[in-house]
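Reviewing the structure listed below.
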Amino acid sequence: MSLHLYDTATREISELVPVVPGHVGIYHCGLTVQGPPHLGHIRKEVVFDVLRRWLERAGLEVTIVANVTDIDDKILAKAVEQDRPWFAVAYENERALHAAYEALGCRPPTYEPRATGVVPEMIEMMQTLIERGHAYAADDGSGDVYFDVRSWPDYGQLSNQKVDDMQAAEDAPPEGKRDARDFALWKGHKEGDPESASWPTPWGRGRPGWHLECSAMAAKYLGTEFDIHGGGLDLRFPHHENELAQSRGAGQAFARLWMHNAMLNLGGAKMAKSVGNTLMVSEVVKRVPAIAVRFYLLSAHYRSIIEFSEEALAESAVGFERIAGFVTRAAELVGPGEPGDVPDAFAAAMDDDLSVPAALAVLSAEVTRGNTLLGDSTAGGAAAELGQVLASVRAMLDVLGVDPLSPTWADRADDSGTGAALGTLVDALLAQRQEARAERDFTTADRVRDQLTAAGIDIEDTPHGPRWSVKGR
RNA sequence: GGUGGGUUGGCCGAGAGGCGAGGCAACGGACUGCAAAUCCGUGUACACGGGUUCAAAUCCCGUACCCACCUCCA
């Protein structure tokens, strides 16, 4: 079986058939960099990172384009509020976004264009849309350019709505619009907005509307027909609906399949700045290991809402410990090896609309098998089998981006001189304890263990000798 | 008003007509000098009310509640 995904446009699960065999082009909407990313934002990032890893494992070449919206009303408002240039606000938050990607082990996209970098392409697109009768420049002298919703019969197809059923935006006075539902492709420069936030066009100076940039970027970097367009479910309307209308209206085939991840809720509502229930990625990662946070975000299917709770996050971290513990102990015994093949059942689950929870059940079974082998003190014959299990487990973890031995995570381990010094000291104490145990002097042995425990070092006696670890690492 | 999604055992979370996914917690057992870690065992849950069917958590009808979108939103 090959990868099947739920397509928001058709509301059915269908097979992914790439436009160009062997290659998959994915566009997903990045952030409007008006603030640092919260856990909800990064959930989307993790979902698409897993999709990419799974496609690459299948031998496909993946191109991912994710935009950064670096100009918009809110950024301009923040700039005024903070009394500094809009681009400083945008860039600072863009960097915070990159830090969050990295913290959770999300590989950067193939390319991450900024909205302000595709102004010429947007102008071209507007010209095409005007020529084709799907857009018009407002005749009120505002410099605004609007998409003519009534000129596009398919408008509403993605979100399954009829134009007449839509509530007209209350906060958007008709201005130069022909229909209240027409949306801005381009916003004319307004008195008081910084000059640096405007670009020249045939209709006067102005700045991009939100939706047009994505159409322009997708076409520029992925071509006018590409495989998957994604983003959070909250973007389906109006953002993605509008993108679809613009690009199709301009004569492009655009995305073949639409993939949307469900929201991350906190306190019964979508995590959002406007609701004020956000948890910054940078903060969460201080409390719980980043790899466990990622595992938590993967624990539910991508189309299911995650109702965030500290308890569930902590519980998930414990569950991940069992998996990571197996990997560490097995690697100590037979060497890390390399990730191998993934079990068929795991592949089947992933191919079925990225059913990560089902895939995790396969992982869990494999870890149990591995732990049983580890508990066997007659390791000799089992070593080869253990190595195979480890390779299989690591392969599954690699797909999910949570292999503790991968460079992404392993390189974060403490390899400073301090770490080496600690190891030497602990080993010396453990040797003393082993000596005491051999003489059945358990008072001494336990005292050594208690000292280490008090210092934050956990001790485990295994069939292969004692091992130690720093608590919580 | 319109469009979708949801409600599963103490908790998290899959499944989508017939065999109790999986994890966490709990309890019992094995292993251990004792622990820790690990393994084994123990649970008849599917919001409520009707209906269809030999068989419903799964399909249909109704009710309640929750979430998302229709305005900026991952």
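A, B, ... follow the sequence lines: proteins, then strands. Residue 1 opens every chain.
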Exercise: do [X] and [Y] side chains pair donor with acceptor under 3.5 Å:
X      : Y      : value
A:D140 : A:S142 : yes
A:D70  : A:W86  : no
A:S215 : A:Q246 : yes
A:D144 : A:Y146 : yes
A:S364 : A:R369 : no

Extract from the structure each pairing of a protein N or O with an N or O of nucleotides 30-37 of chain B at less than 3.5 Å, listing the distance.
from, atom 1, to, atom 2, distance (Å)
B:rG33, O6, A:R437, NE, 3.2
B:rG33, N1, A:D446, OD1, 2.9
B:rG33, N2, A:D446, OD1, 3.4
B:rG33, N2, A:D446, OD2, 2.6
B:rC34, O2, A:R449, NH2, 2.6
B:rC34, N3, A:R449, NH1, 2.9
B:rC34, N3, A:R449, NH2, 3.3
B:rC34, N4, A:D461, OD2, 3.3
B:rA35, N6, A:D461, OD2, 3.2
B:rA35, N1, A:D461, N, 3.3
B:rA35, N1, A:D461, OD2, 3.2
B:rA35, N3, A:R449, NH1, 3.0
B:rA36, N1, A:D461, O, 3.0

* Would you please test A:H240 and A:H211 for ring pair (Phe, Tyr, Trp, His ring centres under 6.0 Å) and show each step? => CA-CA 8 Å; A:H240 289 163; A:H211 314 294; 9.4 Å; no

Taking the [atom1] atom in each of [N] and [M], what is the distance between them to the nearest angstrom?
N      : M      : atom1 : value
B:rG43 : B:rC67 : C1'   : 30 Å
B:rU63 : B:rA55 : P     : 26 Å
B:rC12 : B:rA25 : C1'   : 11 Å
B:rG10 : B:rC69 : C1'   : 34 Å
B:rC66 : B:rA74 : P     : 26 Å
B:rG5  : B:rC19 : P     : 26 Å

* Asked: Hey, what's the ring geometry for A:H229 with A:Y27, parallel, tilted or perpendicular (30° and 60° as the breaks)?
  -> tilted

Identify whether any heavy atom of [X] sits under 4.0 Å from a base atom; if not, whether one sits that close to sugar-phosphate; answer base, sugar-phosphate or nothing.
X      : value
A:T368 : sugar-phosphate
A:G230 : nothing
A:G231 : sugar-phosphate
A:G30  : sugar-phosphate

* Is A:K190 salt-bridged to A:D73, cutoff N-O under 4.0 Å? -> no

* **A:K177 bridged to A:D182 by N-O distance under 4.0 Å** => no

Counting side-chain heavy atoms from C-beta on, which of [options] comes nearest to [X]?
X      : options                : result
A:Q161 : B:rC70, B:rC72, B:rA74 : B:rC70
A:D234 : B:rC12, B:rG2, B:rA74  : B:rA74
A:M271 : B:rA25, B:rA74, B:rU3  : B:rA74

* To do: Go ahead and write out RNA chain B as dot-bracket, 5' to 3': ( ) for pairs within the strand, [ ] for ones crossing earlier pairs, | when the partner sits on another strand, dots for unpaired; Watson-Crick or G-U wobble, both distances under 3.5 Å.
  => (((((((..(((.....[...))).(((((.......)))))....(((((..]....))))))))))))....

* Evaluate side chain to side chain contact (heavy atoms under 4.5 Å, CB included) for A:H464 paired with A:E332, printing each intermediate quantity in order. => CA-CA 10 Å; A:H464 320 286; A:E332 281 169 6; over 6 Å; no

* Among A:K44, A:K270, A:R43, find the one that has a salt bridge (Lys or Arg N to Asp or Glu O under 4.0 Å) with A:D234. =>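 Going through A:K44, A:K270, A:R43 one by one, the salt bridge (Lys or Arg N to Asp or Glu O under 4.0 Å) with A:D234 is satisfied by A:K270 alone.
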
* To do: Test A:F226 against every option in A:Y221, A:W258, A:F254 by the ring pair (Phe, Tyr, Trp, His ring centres under 6.0 Å) rule and name the one that passes.
  => A:F254

Check the interface with nucleotides 13-19 of chain B: list each N/O to N/O pair with the protein under 3.5 Å, or write none.
from, atom 1, to, atom 2, distance (Å)
B:rA14, OP1, A:H301, N, 2.6
B:rA14, OP1, A:S304, OG, 3.1

